[in-house]
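Take a look at the structure set out below.
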Amino acid sequence: MRTLLIVITIFCGLRVAAAEPPPEVYSTDYWQIAGQPGKTTWIEIHNRQEARTSGIAHIEVLARKKGAPVWEVEHVCDHLAITTAALQRSVVSPYKTRGAYPESYLEAYHRWKADEQKGIAFVCSTSIQDFLRYP
């Protein structure tokens with residue numbers, strides 16, 4: 001029995017060591033994330049180059065019902081400031097898409113900047129799913 005436990009422990013350790021590291025979160029502007037059932041949910045990073053050094057990404061969360069035309073985009077969250085670590089925990093895989101019109105993002109970002117000047121700007125440090133209360 002003890003030998004079996006040792007073999008299982010070694011096997012599990014090798015599987016963890018062989019797992020691929022997560023992709024570099026700032027390698028692309030678009031990432032798919034877990035979202036509501038029946039929808040494809042993704043983010044767009046609007047300050048990817050700056051976020052590499054600042055550690056704070058400014059993103060927009062978008063979704064589309066599965067099977068819906070590409071132009072039917074839902075703006076789930078117009079702007080969210082999020083730490084790099086929280087963003088890394090939130091993404092599933094790179095997503096190949098084009099961005100949506102940025103007007104709603106820019107408007108929400110400017111409100112966040114005003115809050116930052118007042119010292120009350122929110123920065124998510126958990127995950128997008130936690131912020132949006134997704135499972």
Side-chain angles (χ1 to χ4, degrees):
M1 182 68 171
R2 185 177 177 158
T3 306
L4 180 61
L5 287 174
I6 292 171
V7 170
I8 290 172
T9 303
I10 291 171
F11 178 73
C12 289
L14 290 174
R15 287 187 50 99
V16 169
E20 290 184 37
E24 207 294 307
V25 75
Y26 296 123
S27 62
T28 182
D29 288 336
Y30 305 101
W31 288 89
Q32 187 165 359
I33 65 169
Q36 294 179 328
K39 293 183 179 180
T40 299
T41 307
W42 71 95
I43 63 151
E44 180 175 353
I45 303 171
H46 286 272
N47 70 325
R48 184 166 46 120
Q49 296 306 320
E50 175 189 300
R52 288 178 191 272
T53 56
S54 73
I56 304 293
H58 292 277
I59 67 167
E60 176 177 20
V61 183
L62 305 156
R64 178 182 305 115
K65 286 183 182 176
K66 292 187 178 178
V70 294
W71 60 85
E72 288 184 13
V73 175
E74 175 187 345
H75 294 260
V76 176
C77 181
D78 293 331
H79 170 267
L80 179 62
I82 187 168
T83 64
T84 299
L87 183 60
Q88 187 71 50
R89 284 190 292 275
S90 302
V91 300
V92 174
S93 61
Y95 189 63
K96 295 182 190 251
T97 188
R98 294 176 62 195
Y101 290 110
E103 288 86 1
S104 58
Y105 163 80
L106 292 171
E107 195 172 300
Y109 174 71
H110 290 301
R111 285 193 305 269
W112 183 88
K113 288 297 280 183
D115 285 348
E116 182 183 40
Q117 293 295 316
K118 297 175 193 171
I120 59 171
F122 174 76
V123 177
C124 177
S125 61
T126 55
S127 71
I128 298 167
Q129 292 78 5
D130 183 57
F131 175 76
L132 296 173
R133 303 288 189 251
Y134 284 166

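On a predicted model such as this, the values are computed, not experimentally measured, just so you know.
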Any donor-acceptor pair under 3.5 Å from Asn47 side chain to Ile56 backbone: yes
Donor-acceptor pair, side chain of Glu24 and main chain of Tyr26, under 3.5 angstrom: yes
Which atom of [X] lies closest to which atom of [Y], heavy atoms considered:
X      : Y     : answer
Ser104 : His75 : OG-ND1, 3.2 Å
Cys124 : Ala86 : O-CB, 3.9 Å
Ala51  : Ala57 : CB-CA, 3.9 Å
Ile45  : Thr28 : CD1-O, 3.8 Å
Ala63  : Lys39 : CB-CD, 4.3 Å
Val70  : Arg64 : O-NH2, 2.9 Å

Pair Tyr109 + His46: ring centers closer than 6.0 Å: no
Mind checking whether [X] and [Y] sit in one hydrophobic cluster, side chains of I, L, V, M, F, W, Y counted as touching below 4.5 Å?
X     : Y     : answer
Tyr30 : Val73 : yes
Trp42 : Ile33 : no
Tyr95 : Trp31 : no

Starting at [atom1] of [X], measure out to [atom2] of [Y] and round the result to the nearest 0.5 Å.
X      : Y      : atom1 : atom2 : result
Trp112 : Tyr105 : CH2   : OH    : 9.0 Å
Asp78  : Leu106 : CG    : CG    : 10.0 Å
Glu74  : Thr40  : CD    : OG1   : 11.5 Å
Gln36  : Lys65  : CD    : NZ    : 10.5 Å
Cys77  : Phe131 : SG    : CZ    : 4.5 Å

Audit row: Thr41, Ile128, side chain to side chain contact (heavy atoms under 4.5 Å, CB included) steps and yes/no: CA-CA 11 Å; Thr41 307; Ile128 298 167; over 6 Å; no
Residue among Glu44, Lys113, Arg48, His79 satisfying side chain to side chain donor-acceptor pair (under 3.5 Å) with His58: His79
The single option from Leu80, Leu87, Leu62, Val76 passing side-chain contact (heavy atoms from CB on, under 4.5 Å) against Ile43: Leu87
CD/Glu116: more than 12 non-hydrogen atoms of other groups inside 6.0 Å: yes
